[in-house]
Amino acid sequence: MRTRFAPSPTGYLHIGGARTALFNWLYARHYDGVFILRIEDTDQLRSTEESTRAILEAMSWLGLNWDEGPYFQAERLEMYQEMTEKLIKEGKAYYCTCSPEELEQKRKQALAEGRKPKYDGTCRDRHLTKTKEAVVRFRAPEVGITTVHDLIKGDIVFQNEELDDLVIQRSDGYPTYNFAVVVDDALMGITHVIRGDDHVNNTPRQILLYEALGFPIPKFAHVPMILGPDKTRLSKRHGATSVMAYKEMGYLPEALVNYLVRLSWSHGDQEIFSLEELIRYFDIDGVGKSPAVFNPDKLLWLNQYYIRHYPLEKLVASVKPFWEKKGYDVSDTDYLKKIVQDLKPRVKTLVEMAEQGAFYFEEPHYDETASTYLTASMKPHFRKLITRLREWPDYTKEGIGNFFQSFTEETGVKLKVIAQPIRVALTGKTVSPGLDEIMLTLGRQQVLRRLERAENYIDNTG
RNA sequence: GGUCCCAUCGUCUAGUGGUUAGGACGCUGGCCUCUCACGCCGGAAACAGGGGUUCAACUCCCCUUGGGACUACCA
């Protein structure tokens, strides 16, 4: 069992491609097969090395490791040419010298007259020989039917007369997509072609090519598209579609994988899947036929879930770069761990974590909202708090709990009254992790220092 | 225009002839509570329409409607 993911390096790995890759990867892992990565760079104009790098990076980030490749089609030109010549020799392909302009003209005219715009066969029987401008066309059958046995959609029947003589080799000597895929998939022994269903209409042509070349036909599985909220194919105008953009926005790869796998695939009512479970459960029969709308909210929910359940060390390593970027000192890993521990149940992304954790790294700035909590009436409470806290013997989570209990009992001040002002004094914000958590993480010295700062602030503004 | 695909809550989906049509996100009421989250309990929310087939259709067939993809010397 061999599957492949074959992106063209004309941009970043996008959400749709990632899911296709994921399905291929999971299928191969499930059946203990081989997953191959092939870069389809036959379009010299649009392909870039930069894109190839970006795609490989995104694959790695998602954890989709490949067993073979990456193969590059641009390095396999002789193979395609060899196959092309074989077809010509056998009369199954021919040279065509129709110019792109002519063809475009005919296409427009056909469309205007309400006819189907297909190649009219001008060069089909001219027995031309190779010239500089010539392309090679496949001599497609004009009658009969071609059936695609799709693992997801069932049998799809095409009338061969609908298909025309497609170009298999361009004038620059490069193969076209439909030809290169067939040659590669056949030569690489791909047994299952799992791809987006935007390829269904290409499939009969490819099957014809397999037959002409004498290759066995693989199994096809056409996965429904991922759509934007407006139900059109997901694209940049719907927001972030690049996999790496999600990394930058603070998403965990496991969350994205879990989200993507559930688009058009399901396993009963289960929503959360570990990688092991995915490999165990994934199969084509769980894949649905209808397209799926990309829902950022659900991805966010999953991300939050994964943040909450991530191993602490891994989570620290994941947020660290975000704090580093903000210029904070991230050298104390133990401190980082404590911060992450405080923050992890209350954020949806790593970016949020980085932002909400800012006060752990720099002393708070008291803004206008803060000032409504740091009022003169709080001053005596702060004073007592500072004095008592300085001498409180047990500075642990439990000890801090006891501290507040005894403090409120002895002073008669309700915790509810002083909690927010303390929070604001320590963090500059009205929203933060629990008081005991931040106090413990910040440490007694820092807490006392910030309480004093708040006191001064009250003095200076009151 | 032609070819092909698709159709259960707003969204992701379960369902495979007989169910009070289930779960999840989001929304929402409540509980918990030092804020925010988390967690827990509850709620609103769907079988596109019309014909068949059948004792019985969300489930099978056909049509309509709606949506999508493809229609290149792009992939």
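Numbered from 1 within each chain, the chains take letters A, B, ... in sequence-line order.
Here C47(B) sits opposite no nucleotide as a Watson-Crick or G-U wobble pair (both hydrogen-bonding atom distances under 3.5 Å). Across all strands shown, nothing is found opposite U35(B) as a Watson-Crick or G-U wobble partner with both distances under 3.5 Å. The partner of C40(B) is G30(B), judged by Watson-Crick or G-U wobble contacts that both fall below 3.5 Å. Using the Watson-Crick or G-U wobble rule with both distances under 3.5 Å, G1(B) pairs with U71(B). Pair assignment for G66(B): C6(B), on the basis of Watson-Crick or G-U wobble contacts that are both within less than 3.5 Å. Searching all strands for a Watson-Crick or G-U wobble partner of A57(B) with both distances below 3.5 Å returns nothing.
Spacing between G68(B) and C31(B) at atom C1', rounded to whole Å, works out to 45 Å. With both ends at atom P, the span from C6(B) to A45(B) equals 31 Å, rounded to whole Å. Rounded to whole Å, the P atom of G39(B) lies 12 Å from the corresponding atom of A24(B). Taking atom C1' in both C27(B) and G18(B), the straight-line distance is 34 Å, to the nearest Å. U59(B) sits 14 Å from A21(B) when the P atoms are compared, rounded to a whole Å. The gap from the P atom of C32(B) to that of A46(B) amounts to 32 Å, rounded to the nearest Å. U13(B) sits 13 Å from C47(B) when the C1' atoms are compared, rounded to a whole Å. Separating the P atom of G1(B) from that of G50(B) is a span of 26 Å, rounded to the nearest Å.
Rounded to an integer number of Å, the gap from CG of Leu45(A) to P of C73(B) is 14 Å. The NZ atom of Lys118(A) sits 11 Å away from the C1' atom of U3(B) (whole-angstrom rounding). Taking atom NZ of Lys231(A) as the reference point, atom C1' of U11(B) lies 8 Å away to the nearest angstrom. Look at CG on Asp198(A): it is 14 Å from C1' on C6(B), rounded to the nearest Å. Atom CG of Leu426(A) is separated from atom C1' of U35(B) by 13 Å (rounded to the nearest Å). Across the protein-nucleic acid pair, Met225(A) atom CE and G68(B) atom C1' stand 10 Å apart, rounded to whole Å. For Lys429(A) and C36(B), the NZ to C1' distance is 9 Å, given to the nearest whole Å. In this entry the distance linking CH2 of Trp301(A) with C1' of G39(B) reads 14 Å, nearest Å.
Of the candidates C73(B), C34(B), A75(B), C34(B) carries the atom nearest the Gln420(A) side chain, counting heavy atoms from C-beta on. The side chain of Asn201(A) has A69(B) as its nearest neighbour among A75(B), C6(B), A69(B). Distance from the side chain of Pro117(A) is smallest for G1(B) among the nucleotides A75(B), C5(B), G1(B). Listed candidates were A75(B), G2(B), C34(B). Nearest to the side chain of Lys116(A) is G2(B). Distance from the side chain of Arg262(A) is smallest for U13(B) among the nucleotides A72(B), U13(B), C5(B). With C38(B), A14(B), C12(B) as the choices, the nucleotide that has an atom nearest any side-chain atom of Gln304(A) turns out to be C38(B). In this structure, of C34(B), C6(B), G10(B), it is G10(B) that holds the atom nearest to the side chain of Asn295(A). Residue Tyr177(A) places its side chain closer to A75(B) than to any other of A75(B), C34(B), C5(B). The side chain of Val293(A) has U11(B) as its nearest neighbour among G22(B), C34(B), U11(B). Here the side chain of Ser290(A) is nearest to one of A75(B), C12(B), A7(B), namely A7(B).
We find the CG-CZ distance between Leu426(A) and Arg453(A) to be 11.0 Å, quoted to the nearest 0.5 Å.
Contact annotation for Pro204(A): no contact, since no heavy-atom pair falls under 4.0 Å across all strands. If you check every strand for non-hydrogen atoms under 4.0 Å, Pro291(A) touches sugar and phosphate atoms only. Ile156(A) comes within contact range of the sugar-phosphate backbone alone, with a heavy-atom separation under 4.0 Å but no base atom that close. Across all strands, Val135(A) comes closer than 4.0 Å to base atoms (heavy-atom distances). When heavy atoms are screened at a 4.0 angstrom cut-off, Thr430(A) is found touching base atoms of the nucleic acid.
Here the side chains of Pro175(A) and Gln73(A) are not in contact, with every heavy-atom distance at 4.5 Å or above. At a threshold of 4.5 Å between non-hydrogen side-chain atoms, the residues Tyr305(A) and Glu271(A) do not count as touching.
Using a 4.0 Å cut-off between charged side-chain N and carboxylate O, Asp184(A) and Arg4(A) make no salt bridge. Contact check on Arg280(A) versus Glu277(A) returns no salt bridge, with no Lys/Arg side-chain nitrogen under 4.0 Å from an Asp/Glu carboxylate oxygen. Salt bridge absent: Lys384(A) and Glu410(A) never bring a charged side-chain N and a carboxylate O closer than 4.0 Å. With salt bridges taken as basic N to acidic carboxylate O contacts below 4.0 Å, none links Arg195(A) and Asp185(A).
Within 6.0 Å of atom CZ in Phe72(A), more than 12 heavy atoms from other residues, nucleotides or ligands are found, so the atom counts as buried in its surroundings.
The phosphate of A75(B) (OP1 or OP2) has a side-chain N or O of Thr42(A) nearer than 4.0 angstrom.
Comparing His267(A) and Glu437(A) against RNA chain B, the residue whose closest nucleotide sits nearer the 5' end is His267(A). Nucleotides of RNA chain B nearest to Arg46(A) and Asp436(A) differ in position, and the one nearer the 5' end is that of Asp436(A).
Of the N and O atoms on the side chains of Thr349(A) and Asn303(A), not one donor lies less than 3.5 Å from an acceptor on the other residue.
For Tyr80(A) and Tyr174(A), the ring centers sit 6.0 Å or farther from each other. Ring to ring, His381(A) and Phe407(A) are not that close: their centroids are 6.0 angstrom or more apart. Between Tyr360(A) and Trp323(A), the ring centre distance reaches or exceeds 6.0 Å.
Listed by residue number, Val157(A), Phe158(A), Glu162(A) are the residues of residues 157-164 of chain A with a heavy-atom contact under 4.0 Å to RNA chain B. For RNA chain B, the neighbouring residues in residues 6-18 of chain A, judged by any heavy atom under 4.0 Å, are Ser8(A).
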Worked verdict on His192(A) versus Ile284(A) for side chain to side chain contact (heavy atoms under 4.5 Å, CB included): CA-CA 11 Å; His192(A) 298 256; Ile284(A) 300 291; 5.9 Å; no
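Phe138(A) does not carry Arg205(A) over the face of its six-membered ring by the limits of under 6.0 Å from the centre and within 45° of the normal.
Applying the 3.5 Å distance criterion, the base of C36(B) shares a donor-acceptor pair with the side chain of Arg346(A). For Ser432(A) and C36(B), a side-chain-to-base donor-acceptor distance below 3.5 Å is absent, hydrogens and geometry of angles not being considered. For Arg308(A) against C38(B), a side-chain-to-base donor-acceptor contact under 3.5 Å is absent.
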